[in-house]
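These numbers come from the heavy atoms of this one structure, side chains and all, not from hydrogens, waters or symmetry mates.
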Amino acid sequence: NLAAQESSASRQAALACDMAAAHPDDHLSKVAGVAWDDLDVEKAREACVEVFSIGPITGRVLYQSARLLDKDGDATAVAYLKQAIEEFEYPIAYYHLGLFREGFKRGSLVAGIALSRVLSEEANYNPYSQGAYLNTLKTLSERGYEPAGKTLIDLRASGYIAQYNEIFPHDKFE
């Protein structure tokens, strides 16, 4: 019975941390998330510290703690992000460190969106990035991100994809 009470308290503490500090685009979070500008550092700190005292510590709790530390200007946020990656491979932690490709590989949609923006810029001056850009858009679209599908339609209509296929016929994008 004591174990059940501790487990219930742990779940409640984790939910409070989620509600106070979750990223709105964290697909592994159980709540809607909090926009950066709306993140109340003190409220989030209180909620997330409780999880550290009760346990268990998860990648999600480490990420959310890093997020609130970052908002507070605390450089130890990086250590929490690295721990979330090293111990849990928590997808959105990769995004927060700018490792968009790795985060996207692990399922973070927001990392994929950021990656597509980077590749779009690179594709303007590096033709080798065009294929990666198009494939990232295709994967984002397949995962339900509608703006990526619209961008692909627009690129087809503009002739961009046909131009890519002419430049790299061996790596044809369909």
Side-chain angles (χ1 to χ4, degrees), residues 17-18 21-37 39 44 48 57-174:
C17 183
D18 283 345
H23 190 288
D25 296 316
D26 185 352
H27 71 286
L28 297 177
S29 176
K30 297 175 178 12
V31 300
V34 182
W36 182 259
D37 291 339
L39 184 61
C48 295
I57 304 305
T58 64
R60 189 170 74 241
V61 169
L62 287 167
Y63 171 73
Q64 291 164 350
S65 297
R67 191 167 184 252
L68 72 91
L69 289 168
D70 187 24
K71 172 80 183 225
D72 201 29
D74 188 331
T76 60
V78 174
Y80 281 82
L81 290 168
K82 287 180 178 180
Q83 187 178 358
I85 288 170
E86 291 168 1
E87 293 181 23
F88 301 96
E89 293 189 7
Y90 200 72
I92 201 164
Y94 290 91
Y95 162 77
H96 207 95
L97 284 175
L99 304 171
F100 305 139
R101 191 177 311 273
E102 292 302 314
F104 189 44
K105 282 182 192 176
R106 288 162 176 78
S108 173
L109 192 63
V110 71
I113 294 166
L115 176 61
S116 73
R117 289 184 184 131
V118 169
L119 291 172
S120 172
E121 291 298 317
E122 284 182 13
N124 290 328
Y125 60 86
N126 180 355
Y128 294 101
S129 295
Q130 293 172 340
Y133 172 56
L134 294 172
N135 284 320
T136 300
L137 287 175
K138 181 179 177 192
T139 303
L140 283 167
S141 179
E142 290 168 351
R143 291 185 186 174
Y145 184 64
E146 292 180 19
K150 183 181 178 329
T151 300
L152 283 171
I153 290 168
D154 292 346
L155 291 173
R156 279 191 180 95
S158 72
Y160 180 91
I161 290 176
Q163 177 186 4
Y164 170 77
N165 287 339
E166 288 174 16
I167 296 170
F168 298 100
H170 61 283
D171 190 28
K172 203 168 192 143
F173 180 82
E174 299 297 334

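Aromatic ring orientation, Tyr63 versus His96: perpendicular (interplanar angle above 60°, classes split at 30° and 60°). Between Phe100 and Tyr95, the ring planes are tilted. Angles from 30° to 60° get that label.
Remark: Arg106 CZ is packed, more than 12 non-hydrogen atoms of other residues, nucleotides or ligands lying under 6.0 Å away. Heavy atoms of other residues, nucleotides or ligands lying less than 6.0 angstrom from CD of Glu142 number more than 12.
Within the model, atoms CZ of Arg67 and CG of Leu62 stand 15.0 Å from one another, a figure rounded to the nearest 0.5 Å. Between Leu134 atom CG and Leu155 atom CG the span is 6.5 Å, to the nearest 0.5 Å. The CG atom of Asp25 sits 8.5 Å away from the OH atom of Tyr145 when rounded to the nearest 0.5 Å. Distance CG/Leu140 to OG1/Thr151: 9.5 Å, rounded to 0.5 Å. Taking NZ of Lys105 as the start and OG1 of Thr139 as the end, the distance is 12.0 Å to the nearest 0.5 Å. Between atom CD of residue Gln64 and atom SG of residue Cys17 there is a gap of 4.5 Å, rounded to the nearest 0.5 Å.
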Got a list of side-chain donor-acceptor pairs under 3.5 Å for residues 112-124, not counting sequence neighbours?
| from | atom 1 | to | atom 2 | distance (Å) |
| --- | --- | --- | --- | --- |
| Ser116 | OG | Ile113 | O | 2.7 |
| Glu122 | OE1 | Ser129 | OG | 2.9 |

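Here Arg60 pairs with Asp18 in a salt bridge; the nearest charged N to carboxylate O distance falls below 4.0 Å.
Here the closest heavy-atom approach between residue Cys48 and residue Ser65 is recorded as CB-OG, 3.8 Å. Contact detail for Leu69 and Thr76: the closest heavy-atom pair is CD1-OG1, 3.7 Å. Closest of all the heavy-atom pairs between Ala22 and Ser29 is CB-OG, 3.3 Å. Between Asp26 and Tyr90, the shortest heavy-atom distance links the atoms OD2-OH, 2.6 Å. Shown here for Lys71 and Trp36, the closest heavy-atom pair between the two residues is NZ-O, 2.6 Å.
Applying the side-chain hydrogen bond (donor to acceptor under 3.5 Å, both in side chains) criterion to Gln83, with sequence neighbours excluded, gives Glu87.
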- Worked verdict on Val110 versus Ile92 for side-chain contact (heavy atoms from CB on, under 4.5 Å): CA-CA 8 Å; Val110 71; Ile92 201 164; 3.7 Å; yes
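For Ser141 (side chain) and Leu137 (main-chain N/O), no donor-acceptor pair under 3.5 Å exists by modelled atom type.
Side chains of Asp70 and Tyr80: a donor-acceptor N/O pair is absent below 3.5 angstrom, by distance only.
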